[in-house]
Amino acid sequence: MVPQAKGGPFVFWGDLAGSCAQAAELGYAAVELFLPDPDAVQKTQLRDLLDRHRLKLAAVGTGAGWVIHRWTLTHPNAAIRGQAKKFIASMIDFGADFGAPAIVGSMQGRYENEVTREQAFRWLGEALNDLGAHAESRGVPLFFEPINRYETNLCNRLGDTVAWLASLHTRNVKLLADLFHMNIEEVSISEALRAAGSHVGHVHFVDSNRRPAGGGHIDFTPVVAALREIGFAGYLSAESFPYPDSQSAAQQTMTTFRRIASAN
Ligand code: LER
Ligand code: MN
(Lines give C-alpha, C1' and ligand atoms only; values in the text may rest on other atoms or scores of the structure.)
(Ligands and ions follow the chains in the order given, each with its own letter.)
Protein backbone atom coordinates (compact mmCIF):
# COMPACT_ATOMS: atom_id res chain seq x y z
CA MET A 1 0.00 0.00 0.00
CA VAL A 2 3.08 2.29 -0.30
CA PRO A 3 3.59 3.61 -3.86
CA GLN A 4 7.03 4.97 -2.88
CA ALA A 5 8.15 1.35 -2.28
CA LYS A 6 7.65 0.57 -6.00
CA GLY A 7 9.94 -2.27 -7.06
CA GLY A 8 10.00 -3.65 -3.51
CA PRO A 9 9.34 -7.21 -2.32
CA PHE A 10 5.58 -7.16 -1.94
CA VAL A 11 3.43 -9.83 -3.55
CA PHE A 12 0.27 -7.75 -3.89
CA TRP A 13 0.10 -4.03 -4.63
CA GLY A 14 -2.62 -1.46 -4.07
CA ASP A 15 -5.89 -3.31 -4.19
CA LEU A 16 -6.38 -4.43 -0.58
CA ALA A 17 -9.81 -6.00 -1.07
CA GLY A 18 -8.81 -7.88 -4.23
CA SER A 19 -5.51 -9.00 -2.67
CA CYS A 20 -7.23 -10.41 0.42
CA ALA A 21 -9.70 -12.27 -1.79
CA GLN A 22 -6.88 -13.80 -3.85
CA ALA A 23 -4.81 -14.73 -0.78
CA ALA A 24 -7.78 -16.45 0.84
CA GLU A 25 -8.61 -18.23 -2.41
CA LEU A 26 -5.06 -19.66 -2.52
CA GLY A 27 -5.30 -20.95 1.04
CA TYR A 28 -3.39 -18.30 2.97
CA ALA A 29 -4.32 -18.04 6.65
CA ALA A 30 -3.29 -14.43 7.09
CA VAL A 31 -1.95 -11.32 5.40
CA GLU A 32 0.89 -8.96 6.30
CA LEU A 33 0.35 -5.27 5.56
CA PHE A 34 2.78 -2.55 4.51
CA LEU A 35 1.00 0.79 5.01
CA PRO A 36 2.09 4.42 4.51
CA ASP A 37 0.56 5.23 7.91
CA PRO A 38 -2.05 3.78 10.28
CA ASP A 39 -4.80 5.98 8.83
CA ALA A 40 -4.29 4.66 5.31
CA VAL A 41 -6.82 1.86 5.95
CA GLN A 42 -10.03 2.14 7.92
CA LYS A 43 -10.02 -0.39 10.74
CA THR A 44 -13.70 -1.29 10.30
CA GLN A 45 -13.09 -1.90 6.60
CA LEU A 46 -10.05 -4.08 7.30
CA ARG A 47 -11.93 -6.03 9.97
CA ASP A 48 -14.81 -6.70 7.53
CA LEU A 49 -12.39 -7.79 4.85
CA LEU A 50 -10.48 -10.15 7.16
CA ASP A 51 -13.70 -11.61 8.59
CA ARG A 52 -15.25 -12.09 5.16
CA HIS A 53 -12.21 -14.08 3.96
CA ARG A 54 -11.46 -15.77 7.30
CA LEU A 55 -8.00 -14.19 7.30
CA LYS A 56 -5.92 -12.99 10.23
CA LEU A 57 -3.56 -10.04 10.24
CA ALA A 58 -0.09 -11.59 10.67
CA ALA A 59 1.99 -8.42 11.08
CA VAL A 60 2.33 -4.80 9.99
CA GLY A 61 5.51 -3.29 8.56
CA THR A 62 6.85 0.10 9.62
CA GLY A 63 9.37 0.61 6.80
CA ALA A 64 7.24 3.39 5.28
CA GLY A 65 8.68 5.67 7.95
CA TRP A 66 12.01 5.20 6.18
CA VAL A 67 10.80 4.87 2.58
CA ILE A 68 8.52 7.93 2.67
CA HIS A 69 9.98 10.19 5.38
CA ARG A 70 13.60 9.02 5.83
CA TRP A 71 13.00 8.65 9.58
CA THR A 72 15.10 6.08 11.51
CA LEU A 73 15.65 5.21 15.17
CA THR A 74 19.38 6.02 14.83
CA HIS A 75 19.20 9.32 12.92
CA PRO A 76 21.64 11.97 14.24
CA ASN A 77 18.73 14.41 14.66
CA ALA A 78 16.80 13.76 17.92
CA ALA A 79 13.55 15.17 16.50
CA ILE A 80 13.71 12.69 13.59
CA ARG A 81 14.46 9.78 15.94
CA GLY A 82 11.39 10.92 17.88
CA GLN A 83 9.25 10.90 14.71
CA ALA A 84 10.50 7.40 13.90
CA LYS A 85 9.53 6.17 17.36
CA LYS A 86 6.13 7.85 17.27
CA PHE A 87 5.43 6.32 13.86
CA ILE A 88 6.35 2.82 15.04
CA ALA A 89 4.24 3.25 18.21
CA SER A 90 1.27 4.22 16.03
CA MET A 91 1.74 1.09 13.87
CA ILE A 92 2.01 -1.04 17.04
CA ASP A 93 -1.37 0.38 18.12
CA PHE A 94 -2.89 -0.27 14.70
CA GLY A 95 -1.70 -3.88 14.59
CA ALA A 96 -2.54 -4.59 18.22
CA ASP A 97 -6.24 -3.95 17.52
CA PHE A 98 -6.01 -7.04 15.28
CA GLY A 99 -3.63 -9.02 17.51
CA ALA A 100 -0.81 -8.38 15.00
CA PRO A 101 2.74 -7.33 15.92
CA ALA A 102 4.55 -4.48 14.19
CA ILE A 103 7.93 -5.02 12.49
CA VAL A 104 11.06 -2.89 12.93
CA GLY A 105 13.40 -3.62 10.02
CA SER A 106 14.72 -0.75 7.93
CA MET A 107 13.67 1.72 10.66
CA GLN A 108 16.76 0.59 12.60
CA GLY A 109 18.74 2.80 10.20
CA ARG A 110 22.55 2.74 10.05
CA TYR A 111 25.46 4.47 11.70
CA GLU A 112 27.57 6.86 9.63
CA ASN A 113 29.35 10.23 9.74
CA GLU A 114 29.22 11.72 13.25
CA VAL A 115 27.19 8.82 14.74
CA THR A 116 29.37 6.03 16.15
CA ARG A 117 28.37 2.38 16.21
CA GLU A 118 28.12 2.49 20.02
CA GLN A 119 25.89 5.57 19.91
CA ALA A 120 23.60 4.03 17.27
CA PHE A 121 23.18 0.84 19.33
CA ARG A 122 22.44 2.94 22.43
CA TRP A 123 19.68 4.86 20.63
CA LEU A 124 18.31 1.69 19.04
CA GLY A 125 18.32 -0.10 22.41
CA GLU A 126 16.52 2.76 24.17
CA ALA A 127 13.90 2.87 21.43
CA LEU A 128 13.34 -0.92 21.45
CA ASN A 129 13.05 -0.90 25.24
CA ASP A 130 10.26 1.69 25.06
CA LEU A 131 8.56 0.24 21.98
CA GLY A 132 8.85 -3.32 23.33
CA ALA A 133 7.17 -2.22 26.57
CA HIS A 134 4.52 -0.34 24.60
CA ALA A 135 3.76 -3.43 22.51
CA GLU A 136 3.60 -5.52 25.67
CA SER A 137 1.03 -3.16 27.16
CA ARG A 138 -1.05 -3.76 24.00
CA GLY A 139 -0.67 -7.54 24.29
CA VAL A 140 1.60 -8.17 21.30
CA PRO A 141 5.34 -8.78 20.79
CA LEU A 142 7.44 -6.44 18.66
CA PHE A 143 9.26 -8.07 15.73
CA PHE A 144 12.83 -6.95 15.03
CA GLU A 145 14.40 -7.87 11.71
CA PRO A 146 18.12 -8.27 11.06
CA ILE A 147 18.68 -7.12 7.49
CA ASN A 148 21.57 -7.58 5.10
CA ARG A 149 24.76 -5.48 5.01
CA TYR A 150 23.69 -3.47 1.96
CA GLU A 151 20.71 -2.08 3.92
CA THR A 152 22.17 -1.65 7.44
CA ASN A 153 25.48 -1.87 9.30
CA LEU A 154 23.73 -2.52 12.65
CA CYS A 155 21.91 -5.88 12.93
CA ASN A 156 22.72 -8.31 10.10
CA ARG A 157 22.57 -11.76 11.71
CA LEU A 158 20.19 -13.60 14.03
CA GLY A 159 22.82 -14.75 16.56
CA ASP A 160 24.42 -11.33 17.10
CA THR A 161 20.99 -9.77 17.37
CA VAL A 162 19.79 -12.27 20.00
CA ALA A 163 22.93 -11.57 22.06
CA TRP A 164 22.40 -7.81 21.81
CA LEU A 165 18.66 -8.02 22.56
CA ALA A 166 19.56 -9.90 25.76
CA SER A 167 21.27 -6.72 27.00
CA LEU A 168 18.00 -4.76 26.84
CA HIS A 169 15.38 -4.48 29.60
CA THR A 170 12.51 -5.58 27.40
CA ARG A 171 11.91 -9.29 26.80
CA ASN A 172 9.11 -8.52 24.36
CA VAL A 173 11.15 -8.16 21.17
CA LYS A 174 11.14 -11.26 18.94
CA LEU A 175 13.22 -11.91 15.84
CA LEU A 176 11.94 -11.71 12.33
CA ALA A 177 13.96 -14.22 10.31
CA ASP A 178 13.93 -13.08 6.67
CA LEU A 179 15.35 -15.90 4.54
CA PHE A 180 16.53 -13.47 1.82
CA HIS A 181 18.67 -11.53 4.29
CA MET A 182 19.79 -14.74 6.02
CA ASN A 183 20.95 -16.22 2.70
CA ILE A 184 23.37 -13.29 2.42
CA GLU A 185 24.51 -13.09 6.04
CA GLU A 186 24.33 -16.49 7.76
CA VAL A 187 26.78 -19.39 7.49
CA SER A 188 23.79 -21.74 7.52
CA ILE A 189 20.15 -20.62 7.50
CA SER A 190 18.90 -23.73 9.30
CA GLU A 191 21.68 -23.65 11.95
CA ALA A 192 21.02 -19.96 12.62
CA LEU A 193 17.31 -20.68 13.10
CA ARG A 194 18.10 -23.60 15.41
CA ALA A 195 20.45 -21.44 17.50
CA ALA A 196 17.93 -18.59 17.72
CA GLY A 197 15.26 -21.09 18.86
CA SER A 198 12.37 -19.56 20.79
CA HIS A 199 13.50 -16.02 19.91
CA VAL A 200 12.16 -16.45 16.38
CA GLY A 201 8.70 -14.88 16.15
CA HIS A 202 8.07 -14.42 12.44
CA VAL A 203 9.57 -15.54 9.13
CA HIS A 204 9.78 -13.80 5.77
CA PHE A 205 9.45 -16.84 3.55
CA VAL A 206 11.22 -15.96 0.30
CA ASP A 207 14.01 -17.25 -1.88
CA SER A 208 17.69 -16.25 -2.22
CA ASN A 209 16.99 -13.77 -5.04
CA ARG A 210 13.83 -12.40 -3.40
CA ARG A 211 11.67 -14.26 -5.88
CA PRO A 212 8.84 -16.37 -4.45
CA ALA A 213 9.96 -19.50 -2.59
CA GLY A 214 11.09 -22.09 -5.15
CA GLY A 215 12.38 -19.47 -7.61
CA GLY A 216 15.93 -19.26 -6.23
CA HIS A 217 18.51 -21.59 -4.68
CA ILE A 218 17.45 -21.87 -1.02
CA ASP A 219 16.91 -25.49 0.03
CA PHE A 220 13.71 -25.11 2.06
CA THR A 221 13.66 -28.67 3.40
CA PRO A 222 16.28 -28.10 6.18
CA VAL A 223 14.82 -24.64 6.84
CA VAL A 224 11.35 -26.01 7.56
CA ALA A 225 12.87 -28.92 9.51
CA ALA A 226 14.73 -26.40 11.74
CA LEU A 227 11.54 -24.38 12.26
CA ARG A 228 9.70 -27.55 13.30
CA GLU A 229 12.56 -28.48 15.62
CA ILE A 230 12.45 -25.15 17.46
CA GLY A 231 8.66 -25.39 17.76
CA PHE A 232 8.09 -22.28 15.62
CA ALA A 233 4.36 -21.51 15.72
CA GLY A 234 4.29 -18.14 13.93
CA TYR A 235 3.66 -17.21 10.32
CA LEU A 236 5.72 -17.86 7.21
CA SER A 237 4.97 -14.64 5.38
CA ALA A 238 5.57 -14.31 1.65
CA GLU A 239 7.70 -11.18 1.26
CA SER A 240 8.81 -11.58 -2.33
CA PHE A 241 8.83 -9.68 -5.57
CA PRO A 242 5.58 -10.10 -7.48
CA TYR A 243 7.54 -12.25 -9.93
CA PRO A 244 6.47 -12.90 -12.63
CA ASP A 245 3.23 -11.31 -11.36
CA SER A 246 1.33 -11.06 -8.07
CA GLN A 247 -1.00 -14.02 -8.57
CA SER A 248 1.81 -16.35 -9.73
CA ALA A 249 4.07 -15.27 -6.84
CA ALA A 250 1.38 -15.99 -4.26
CA GLN A 251 0.60 -19.32 -5.95
CA GLN A 252 4.24 -20.39 -6.21
CA THR A 253 4.93 -19.59 -2.55
CA MET A 254 1.96 -21.70 -1.50
CA THR A 255 2.94 -24.58 -3.81
CA THR A 256 6.49 -24.62 -2.41
CA PHE A 257 5.22 -24.35 1.17
CA ARG A 258 2.82 -27.29 0.70
CA ARG A 259 5.46 -29.43 -0.97
CA ILE A 260 7.99 -28.89 1.84
CA ALA A 261 5.47 -29.03 4.69
CA SER A 262 4.00 -32.35 3.53
CA ALA A 263 7.44 -33.91 2.97
CA ASN A 264 8.87 -32.86 6.35
C1 LER B 1 11.57 -5.71 5.20
O2 LER B 1 10.89 -6.79 5.74
C3 LER B 1 12.85 -6.12 4.63
O4 LER B 1 13.11 -7.27 4.49
C5 LER B 1 13.81 -5.08 4.25
O6 LER B 1 14.70 -5.56 3.29
C7 LER B 1 13.17 -3.82 3.73
O8 LER B 1 14.17 -2.94 3.41
MN1 MN C 1 11.85 -8.84 5.36
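Note that this is a predicted model, so its numbers are computed, not measured. Atoms within each ligand, like the ligands themselves, are counted from 1 in listed order.
- Not one N or O on the side chain of Gln108 forms a donor-acceptor pair closer than 3.5 Å with the backbone of Leu154.
- Where the criterion is an N or O separation shorter than 3.5 Å, residue side chain and backbone included, Asp178 meets it with respect to ligand 1.
- Using a 4.5 Å cut-off on side-chain heavy atoms (C-beta onward), Leu193 and Met182 make contact.
- Short contacts between ligand 1 and Glu151, defined as distances under 4.0 Å to a heavy atom of the residue, involve ligand atoms 5 (C), 6 (O), 7 (C), 8 (O).
- At a threshold of 4.5 Å between non-hydrogen side-chain atoms, the residues Val104 and Val173 do not count as touching.
- Side chains of Glu145 and His204: a donor-acceptor N/O pair is present below 3.5 angstrom, by distance only.
- When ND1 of His204 and OD2 of Asp178 are joined through the Mn ion (ligand 2), the resulting angle is 100° to the nearest 10°.
- When each atom of ligand 1 is checked for a heavy atom of His204 under 4.0 Å away, the hits are 2 (O).
- Here the angle at the Mn ion (ligand 2) defined by OE1 in Glu239 and OE2 in Glu145 stands at 180°, rounded to 10 degrees.
- The existence of a salt bridge linking Arg210 and Glu239 is confirmed by a sub-4.0 Å separation between a basic side-chain nitrogen and an acidic carboxylate oxygen.
- Note: Phe143 and His202 have parallel aromatic rings, judged against thresholds of 30 and 60 degrees for the angle between ring planes.
- Within the coordination shell of the Mn ion (ligand 2), defined by N, O or S atoms under 2.8 Å, His181 is absent.
- At a heavy-atom distance under 4.0 Å, only side-chain atoms of Arg210, from C-beta outward, approach ligand 1.
- Listed by number with element, the atoms of ligand 1 under 4.0 angstrom from any heavy atom of Glu145 are 1 (C), 2 (O), 3 (C), 4 (O).
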